[in-house]
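Written out below as structure tokens is the structure these notes cover.
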Amino acid sequence: MPIHEQSLIRPENLKTHDKLVIDGIDVSGHWSTFIESRVVTDYNERLQEEIAALPGGEHIHRCWQCGSCTNSCTVNAVNPDFNPRYWIYLIRLGMESELLRDKDIIWQCVSCNKCTYACPRDVFPEGVMKATAHWLELKGHTPKSKSMHFDEEFSEQVVATGKIEEGRIIRGFFARTAQPLMQPWLIEMARRLARHLPIKLGMLMGLAALIRPRTRRWGKARRALEEYVDEQQTKQRAALGLGDLVEMAKAELNGAGKRG
Amino acid sequence: MSDTPVEDKKAKYQRVAYYPGCALEGTGHAYNRSTKAVGKALGLELDEVKNWNCCGAMEVKNIDPKIQTYLSSRVMSIAANEMHADVVMAPCNGCYHNLKKAEHDLAHDAGSREVVDRISQKAGHATYQAGQLETIHALDWIKQGVGEEELKKRVKNSLKGLKVANYYGCMYTRPRHIFPEKDRGPGSESTSQPHFMDDLLEAAGAENVDFALKTACCGGAHTLSDSDTSTKLVLNILRAAEAAGADVIATECPTCHSGLEMHQVRAETVLGQKTTVKMMYFTQLLGVALGLAPRKVGLHENVSDGIELLKSKGLE
């Protein structure tokens with residue numbers, strides 16, 4: 001699979017005149033194609049540092065743009081616009097507005113780690129993809145992706161009880177993303193499963209849905225994990241320059257309260 | 001650990017701590033059942049890790065990788081410090097991968113050690129120290145704890161005539177650095193061309209087909225959150241297996257297994273693309289070869305119904 005290179009010329013910047021004569025020479029149609037120049041003025045010089053401050057993004061500075069990640073990428077084979085090497089390039093240059101053009105697909109990384117396997121510089125591109133998707137959400141550029149909803153539902157259950165129960169995860173995920181649970185293909189799967197499923201197992205699965213599986217004596221671990229999550233989230237927001245905003249908003253509210 | 005001589009490994013893997021994980025109590029129930037049944041038939045013993053917790057699968061690391069490291073370390077701490085085990089076996093690729101990753105991070109990253117130690121102390125249990133335990137997969141357990149020669153002697157129903165595509169998925173081989181014992185020449189597992197499952201099923205009489213997508217990704221991480229991509233990836237794997245002439249795709253991971261089954265149905269219902277290849281856990285196939293009844297290895301719990309296929313091959 002060849003490396004798919006993003007065209008550096010945007011289609012909307014190609015200008016062609018249907019009828020154009022210059023110095024008596026007819027250059028109508030594609031002969032008159034011009035490329036409208038564009039100037040990038042909105043560099044975010046801290047972009048690489050911001051990505052590096054999020055889990056998974058730590059080693060982005062090692063990249064030397066060989067393209068092994070994109071070449072081995074599972075998602076790139078399905079969608080050629082999914083291009084980890086290009087995004088790492090943009091992040092390192094600080095070209096935030098260019099990166100934002102692909103903001104709606106970056107979360108689709110399937111974590112197969114073929115890129116990490118292929119990378120000669122230990123950039124851990126899989127981690128960089130996760131950090132970038134996370135960054136897009138923290139900065140408010142994208143709404144929470146379905147994947148993030150799933151990860152949150154899952155993680156909250158693990159932190160709360162030490163274990164997960166798949167049925168509960170699926171129900172929670174469909175509820176969070178406002179999708180109907182009765183997908184035709186899920187119904188078809190349940191139908192096929194029911195063919196041989198003994199009553200006993202059916203009962204067990206029913207009980208699993210009622211009685212929540214949990215790790216015993218988990219309370220202390222739960223509190224320790226919750227503390228850690230809070231601490232990390234504050235750190236990450238500060239690194240992205242978001243912590244100040246929260247403080248400012250708080251101060252503003254306090255001020256308003258006092259004035260009131 | 002990887003330098004342990006073969007005979008010592010046989011003794012070492014005879015009785016191991018067993019970490020089934022959440023999926024094996026739910027959708028992967030048949031894998032749990034068949035792993036235990038095959039172990040018993042081969043004279044291997046399992047000691048379930050007491051009061052274990054979830055390893056975080058592929059989700060918790062996206063919230064914070066160090067939480068995942070802690071979750072795995074707690075399981076390993078119980079196995080090593082409370083059960084005094086030397087080896088922990090996880091049949092699920094996700095659990096196996098996470099335990100291996102935690103082992104690597106705790107050995108090489110001071111930041112991970114600091115966080116795990118802090119949370120372990122607050123949670124009130126001993127902090128797991130890198131090197132206390134060896135983590136192995138169900139494939140290592142049978143391949144190195146029993147071996148092909150011994151397995152061959154115990155086969156009652158040879159899988160002769162059954163064409164199998166062995167599917168290993170992502171988390172058993174990638175990324176390379178968390179599996180220091182792999183890619184170490186003859187006898188060791190390969191991360192680019194894994195063969196442990198092929199070796200075991202061949203010993204059980206199966207005919208392994210030449211399958212190029214052994215370590216391709218099924219999109220398991222987004223099986224519900226990006227179903228269209230997962231369906232495309234799975235359909236690709238199913239078609240490649242059929243093109244190679246396989247009757248069955250042998251699996252070694254509950255997430256891959258249910259992903260293949262689920263998106264086989266989805267490809268048929270949503271895209272109208274029907275495939276007929278069956279999915280079976282490698283332990284189910286080994287169980288049948290060892291003479292266990294299909295129900296004993298949970299074949300009736302699979303969504304893709306392979307019982308008819310086995311009957312047609314005279315294996316039931």
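Residue numbers start from 1 in every chain, and the chains themselves are labelled A, B, ... in the order their sequence lines are given, proteins ahead of strands. Note that the coordinates shown come from a computational prediction; the quantities given were computed from them, not determined experimentally.
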Modelled atom types, side-chain donor and acceptor of A/Asn76 and A/Thr70, under 3.5 Å: no
Segment of A/Gln232 engaging chain B (4.5 angstrom heavy-atom cut-off): side chain
Under 4.5 Å from a heavy atom of chain B, the part of A/Cys109 involved: backbone
Under 4.5 Å from any heavy atom of chain A - which part of B/His177: side chain
B/Lys182 NZ/CZ over B/Tyr172 ring centroid, <6.0 Å and within 45° of normal: yes
Shortest non-hydrogen contact from A/Pro125 toward A/Cys115: CB-SG, 3.7 Å
Heavy-atom contact with chain B under 4.5 Å, split by part of A/Tyr117: both
Per-residue contact mode, B/Gln68 against chain A (heavy atom under 4.5 angstrom): neither
Contacting region of A/Trp107 [heavy-atom separation from chain B under 4.5 Å]: both
Contact origin within B/Ser304 toward chain A - heavy atom pairs under 4.5 Å: neither
Residues forming a ring pair (Phe, Tyr, Trp, His ring centres under 6.0 Å) with B/Tyr19, sequence neighbours excluded: B/Trp52
Region of A/Glu227 that comes under 4.5 Å of a non-hydrogen atom in chain B: side chain
Working for ring pair (Phe, Tyr, Trp, His ring centres under 6.0 Å), residues B/His257 and B/Tyr281: CA-CA 7 Å; B/His257 184 97; B/Tyr281 290 107; 3.8 Å; yes
Under 4.5 Å from a heavy atom of chain B, the part of A/Glu152 involved: both
Polar side chain donor-acceptor pair, A/Arg62 to A/His59, under 3.5 angstrom: yes
Under 3.5 Å side-chain donor-acceptor pair for B/Tyr18 and B/Asn32: yes
B/Val60 portion near chain A, given a 4.5 angstrom heavy-atom threshold: both
Portion of B/Thr191 that has a non-hydrogen atom of chain A nearer than 4.5 angstrom: both
Side chains of B/Lys61 and A/Glu126 in contact at under 4.5 Å (non-hydrogen atoms): yes
Heavy-atom proximity to chain A below 4.5 Å, by part of B/Leu299: neither
Positions in residues 156-164 of chain A that reach chain B, provided some heavy atom is under 4.5 Å away: A/Val158, A/Gly162, A/Lys163, A/Ile164
Ring-ring centroid check B/His125 B/Tyr70, cutoff 6.0 Å: yes
A/Phe150 ring center near A/Phe174 ring center (under 6.0 Å): no
Part of B/Ser225 lying under 4.5 Å from any heavy atom of chain A: both
Distance (rounded to the nearest 0.5 Å) between A/Thr132 OG1 and A/Trp87 CH2: 8.5 Å
